[in-house]
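Ligands are counted one by one from 1 in listed order, and the atoms in each one are counted from 1 as well.
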Amino acid sequence: MDGEWKRVVVPLLCAAGVSVFLLKWTEQQKVKRKLQRAREKREKELGQAKKAVSCFKIQNAGVDLSSIVTLPLAELSQQIRGGSLQPDAVLHAYMEKALEVNKKLNCATAVLTESLKQLEDIESHKGGLLYGIPISIKDNVDYEGYDSSCGVLTKLDDPAVKDSVVVSVLKKQGAIPFIKTNIPQGLLNYECSNPIYGRTVNPCNLEKTCGGSSGGEGALIAGGGSILGLGTDIGGSIRIPAAFCGICGLKPTNNRISLQGLSSCVKGVKTAMSAVGPLARDVESLALCMRALLCTDMFTLDPTVPPIPFNQQVYESSEPLRIGYYENDGYHQPSPSMSRALRETKELLEKAGHTLIPFNPPRIFTAFHEFVARGGLADGAVTLLNHFKEGPVDPGLQHQVSHWGLPKFMKKMISLLLRPIRRTSGFHTI
Ligand SMILES: CCCCCC/C=C\CCCCCCCC(=O)NCCO
């Protein structure tokens, strides 16, 4: 009897072991293939862009593309409008520069080769505020036919069915979105790395991060490969890469600019919402982008956006302003260099005649832990974690993902244990 039992169970156990191994191996192969497909797609687009630039250069030997990318946005726009520069030359000039910058910084997730087709009827947008201006968009901003990957495998091979409202409006204004830029996985980090497209680095120092989550934008624009870009920001995702890369960025009030057609790994969060905003080399360019976006087309395409146009009068006014500022929010510690920069800015503004008023932002602890962490993970992080199940987690996010994935009773226990020191630890909310 003893021997018979073994003869049945041992092969069964072996078969089960082999099946589990095969299943795991098949899953791993599937993940590898998916990653490879995404990377090959990007390589193909980069190759197509390179070819398009070469062809353009052969056919237009007299055009100096390298001088085009040195022009500030206002001047570039003026020259295109005046006819001394052609939109096709400008687009190819930026494509060439973006390819060069991407080689160094790894900041692109896709080249929108569709943009070359947009040139065919670009003349019909001659009245637009951004007529003929090539622009970059962050990976999570939907552009028809392209993935908005957010750096997770679940969102690959799932191209957007239509343009986001911001892309539609900018196209109507004559802008030509030509490249999508890299992000940290899940858009939840101030670094810029994900397992699909890798890490983007800072153009000022290749050893350093470009910041995140709109890190690809920061790097590409600061490197000279784009003149204007769109990012998104909840807790610093436009402002941090802009600061790290030495360019300008604006996080407008939430829903000042339409959020329709933006991809994310969390759904329905109302307590800490993302905002769309521009990044560029100078403030004037940010203002031009806001002016272009805040138009009837946007208010019609997305009726949830308050129809308040850009206030040119306020923007141009030289009236002295009362400006609120704080040096430290009592929660996130600024580095000494940040404090110094803030003080220097304050002094410059005062010298220019403005009044600077210190204030303490109220209840930062509550804002972060209750609104961002608790609100963002209100379903016990189920939605977010589902996006990480299929494939590799970026090392920069592994720590957080492991915490989010702990069984509920363990989270409760740790939360109880940490409650006495709740002001210095946020674990009980996460
Ligand atoms: C609203 C989503 C929050 C998910 C909760 C995660 C909990 C803690 C991590 C907070 C990190 C927030 C980083 C936000 C970065 C950012 O601004 N991303 C922009 C996305 O458009």
Hey, mind stepping through Glu43 and Arg39 against salt bridge (Lys or Arg N to Asp or Glu O under 4.0 Å) and telling me if it holds? CA-CA 6 Å; Glu43 281 314 305; Arg39 291 172 192 150; over 6 Å; no
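- At a 3.5 angstrom cut-off on N or O pairs, Leu187 counts as close to ligand 1.
- Put simply, the side chain of Tyr190 does not reach to within 4.5 Å of the side chain of Ser213, judged on heavy atoms.
- For ligand 1, the polar-atom distance check finds no N/O of Asn140 at less than 3.5 Å from any of the ligand's N/O atoms.
- Counting heavy atoms only, Ser237 comes closest to atom 15 (C) of ligand 1 of the residues Ser237, Ala275, Ala378.
- Residue contacts with ligand 1: Ser274 is placed with a nitrogen or oxygen under 3.5 Å of a nitrogen or oxygen of the ligand (distance criterion only).
- Without hydrogens or angle criteria, Lys412 side chain to Pro407 main chain gives no donor-acceptor distance under 3.5 Å.
- Judged as a salt bridge (charged side-chain N to carboxylate O under 4.0 Å, His left out), and not counting sequence neighbours, Lys51 has no contacts.
- Those atoms of ligand 1 with a heavy atom of Ile234 less than 4.0 angstrom away are 1 (C), 16 (C), 17 (O), 19 (C), 20 (C).
- Sorted by first then second residue, the ring pair (Phe, Tyr, Trp, His ring centres under 6.0 Å) pairs that include residues 276-323, not counting sequence neighbours, are Phe310-Tyr315.
- For the pairing with Asp157, the salt bridge (Lys or Arg N to Asp or Glu O under 4.0 Å) check across Arg33, Lys30, Arg37 returns one residue only, Arg37.
- Residue Leu188 has no nitrogen or oxygen atom sitting less than 3.5 Å from a nitrogen or oxygen atom of ligand 1, judged on distance alone.
- The shortest N or O to N or O distance between Leu384 and ligand 1 is not under 3.5 Å.
- The proximity of Leu377 to ligand 1, defined as any non-hydrogen pair under 4.0 Å, is limited to the side chain.
- Side-chain contact between Ile176 and Ile133 is absent, with no heavy-atom pair separated by less than 4.5 Å.
- Each of the atoms 18 (N), 19 (C) of ligand 1 lies under 4.0 Å from some heavy atom of Ser213.
- Heavy-atom contacts of Ala272 reach the following atoms of ligand 1: 1 (C) (cutoff under 4.0 Å).
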